[in-house]
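Working notes, structure below.
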Amino acid sequence: MAELLAGGGSPGEGDRNGPFRASRPLHLGGHVVWPPVVLAPMAGITNVAFRRLCREQGGGLYVCEMVTTRALVERNPKTLRMIAFGGDERPRSLQLYGIDPEVTAAAVRMVVEEDLADHVDLNFGCPVPKVTRKGGGAALPWRHRLFARIVRAAVEAAAPAGVPVTVKMRKGIDDDHLTYVAAGLAAQEAGVAAVALHGRTAAQRYSGTADWDAIGTLKQALDVPVLGNGDIWEADDALRMLAHTGADGVVVGRGCLGRPWLFADLAAAFDGRPVRRLPTLGEVAATTRRHAELLVEWFAGGDRPDTAERDGCVDFRKHVAWYLKGFPVGGELRRALAMVNGLAELDDLLGKLDPAEPFPPETLGQPRGRTNSPGKVFLPDGWLADRDSAEVPAGAELADSGG
C-alpha cells in the first residue's frame, strides 16, 4: 500500500488551526468509542456489508441506514432487514426518523425490549423533499416544542435499558431559519448523550462548504459531546475540524464512498501516526472484490438466497464509479464493471485493470457522492408561520424506510 505523510491534506483547505491530536475517546452512555469517528447513515450504502468493510479498516461507530419509526413499529419486512447487524458489531448503532413522539417512543421501546441495538440516533438532518415536506428531518427543529417532545420521548423510552440516544441535525432550514443552537440546547435538556451537527442548512443540501464555525458555536453552547459533520474528505480534515471547532468527534459520510480505507487513515490520524494510505489500483480492485463478496454474503441471508450473487453484484454497481474515481480506466471497462452480474464476471473484469497504477493524488480532498446545488426546501403548508406548535402534522409518518 502506497503511503502519504500527514500534511498533504485537502488542497485549498489549509491548516485552519495547526496540528491537532484528539486525546479523548467519545463516550456515549456506557460505550467508549475510539477513535471518535462515526460513519454517517447513508441510504442504500451503510448496510451490513459496507459497515463490515469499513470496520475492517479501523475503529469507530458504524451506523446502519436510517429507518422510519412507523415502519419499525409496524414490522415492515424491508425495515427489519435494514436494521440487521453482524454478530461482531458492537455497539450496534441504529438511526431512526420520526415525527410523532408517541410512535418514536414505541419504536425505541421496541429497540430496547427486543435488544435490536445498543445506541439510537434520531435524524433531524435529512434534506430530501419526501422527508421535509412532511415536516421531518431538517425541517423539524423549527417546530421547537415538537422537536423537544420527540427527543424527550425517545430518551425516556431508552433510559430503563441504559441505551444512549443522540441526535443528528443541520444548521437549520436556510440561513433565515437557523435552529441548531436552540435545538442542541433542547436536546441536551432532554437527556441526549451527544449532538452531531452537519454544517449546512437544508437549503444548501450538499453544495458549497460546510460551516465549521457553526460547529464551534454549538460546542461552546453545550456541555454534552458535539460531533462535527461536513467536508471530511481526508483524515487530516478531521484533525483540522476538531482543532477549529473544539468538537469531540467527527461524522464521516460521502468522504468514504469508494474509499473504506479512509477509516484506517482516521485511526492513524487520531493515534498520532503520520502515515496515510494511498492504494494502488490493484489494491483498490481487491477492496472492491471484498465489498462485492460481503454484499453477496449479506443477500444470501435474505429471503432470496438463490439470487444472492446477482443481487449482491447489482447492489455493488453503484460503488464502481467511486472506487475508480481518478484512475485511468477506459470507458468500456468502467461500463462493464457497472453492469456486473456475478463474482466470476467481476473477477474477469478486475483482472483487466493495471494493478501497478498508482493512486491519483489529484482526487485527494475532493468531494465525492452528491454535490448538488442549493434548492428550495419543501415544507408543509404554514410550517414556518407557527414555530410554537407541538402538534404532529397530519399524515406525517412515513411507512417506508430509507432517505
Side-chain angles (χ1 to χ4, degrees), residues 26-33 37-52 54-55 60-101 103-126 131 136-137 140 150-169 187 190-196 225 227 229 249 251-253 298 301 397-403:
L26 175 64
H27 290 267
L28 297 177
H31 306 295
V32 179
V33 180
V37 173
V38 178
L39 169 65
M42 290 180 280
I45 304 293
T46 55
N47 52 35
V48 169
F50 187 74
R51 297 199 306 272
R52 181 172 177 183
C54 294
R55 289 190 298 113
L61 183 70
Y62 295 90
V63 188
C64 76
E65 299 176 72
M66 179 185 82
V67 299
T68 71
T69 52
R70 177 180 167 188
L72 181 61
V73 169
E74 294 181 355
R75 299 185 179 276
N76 177 282
K78 175 187 173 184
T79 295
L80 294 178
R81 172 78 172 148
M82 289 169 66
I83 65 168
F85 291 93
D88 59 345
E89 283 195 73
R90 289 292 187 277
R92 299 162 299 166
S93 184
L94 169 64
Q95 188 181 72
L96 294 175
Y97 154 75
I99 298 180
D100 188 319
V103 178
T104 298
V108 176
R109 282 195 297 271
M110 179 177 169
V111 170
V112 167
E113 292 169 2
E114 300 182 23
D115 190 26
L116 300 178
D118 306 303
H119 159 242
V120 171
D121 185 54
L122 300 178
N123 182 296
F124 298 106
C126 185
V131 168
L140 203 147
I150 293 169
V151 178
R152 190 177 304 111
V155 170
E156 291 176 354
V163 172
V165 175
T166 58
V167 301
K168 185 173 185 288
M169 59 188 184
V192 300
V195 176
L227 307 178
N229 180 212
V251 179
V252 178
W298 180 56
E397 287 289 314
L398 295 177
D400 62 322
S401 293

Any side-chain heavy-atom pair from [X] and [Y] closer than 4.5 angstrom?
| X | Y | value |
| --- | --- | --- |
| Tyr97 | Cys126 | no |
| Val63 | Leu39 | no |
| Leu227 | Leu26 | yes |
| Asn76 | Met82 | no |
| Val48 | Arg51 | yes |

What is the minimum heavy-atom distance between [X] and [Y], and which atoms define it?
| X | Y | value |
| --- | --- | --- |
| Ala157 | Ala105 | CB-O, 3.7 Å |
| Ala187 | Val167 | CB-CG2, 4.0 Å |
| Gly137 | Val131 | N-CG1, 3.4 Å |
| Leu122 | Ala154 | CD1-CB, 3.8 Å |
| Gly29 | Pro164 | N-CB, 3.9 Å |
| Ser93 | Tyr62 | CB-O, 3.8 Å |

Evaluation steps, side-chain contact (heavy atoms from CB on, under 4.5 Å), between Leu80 and Leu72: CA-CA 7 Å; Leu80 294 178; Leu72 181 61; 4.1 Å; yes
Single hit among Val37, Val33, Thr166, Asp121 for side-chain contact (heavy atoms from CB on, under 4.5 Å) with Leu61: Val33
Rounded to the nearest 0.5 Å, what's the gap from [atom1] on [X] to [atom2] on [Y]? Could you check?
| X | Y | atom1 | atom2 | result |
| --- | --- | --- | --- | --- |
| Thr69 | Asn123 | OG1 | CG | 11.0 Å |
| Leu94 | Asp118 | CG | CG | 10.0 Å |
| Ile83 | Arg81 | CD1 | CZ | 11.5 Å |
| His119 | Arg90 | NE2 | CZ | 14.5 Å |
| Asn229 | Met169 | CG | CE | 11.5 Å |
| Arg52 | Asp88 | CZ | CG | 6.5 Å |

Any donor-acceptor N/O pair, Glu65 side chain to Thr46 backbone, under 3.5 Å: no
Chi angles and distances behind the side-chain contact (heavy atoms from CB on, under 4.5 Å) call for Thr68, Glu74: CA-CA 10 Å; Thr68 71; Glu74 294 181 355; over 6 Å; no
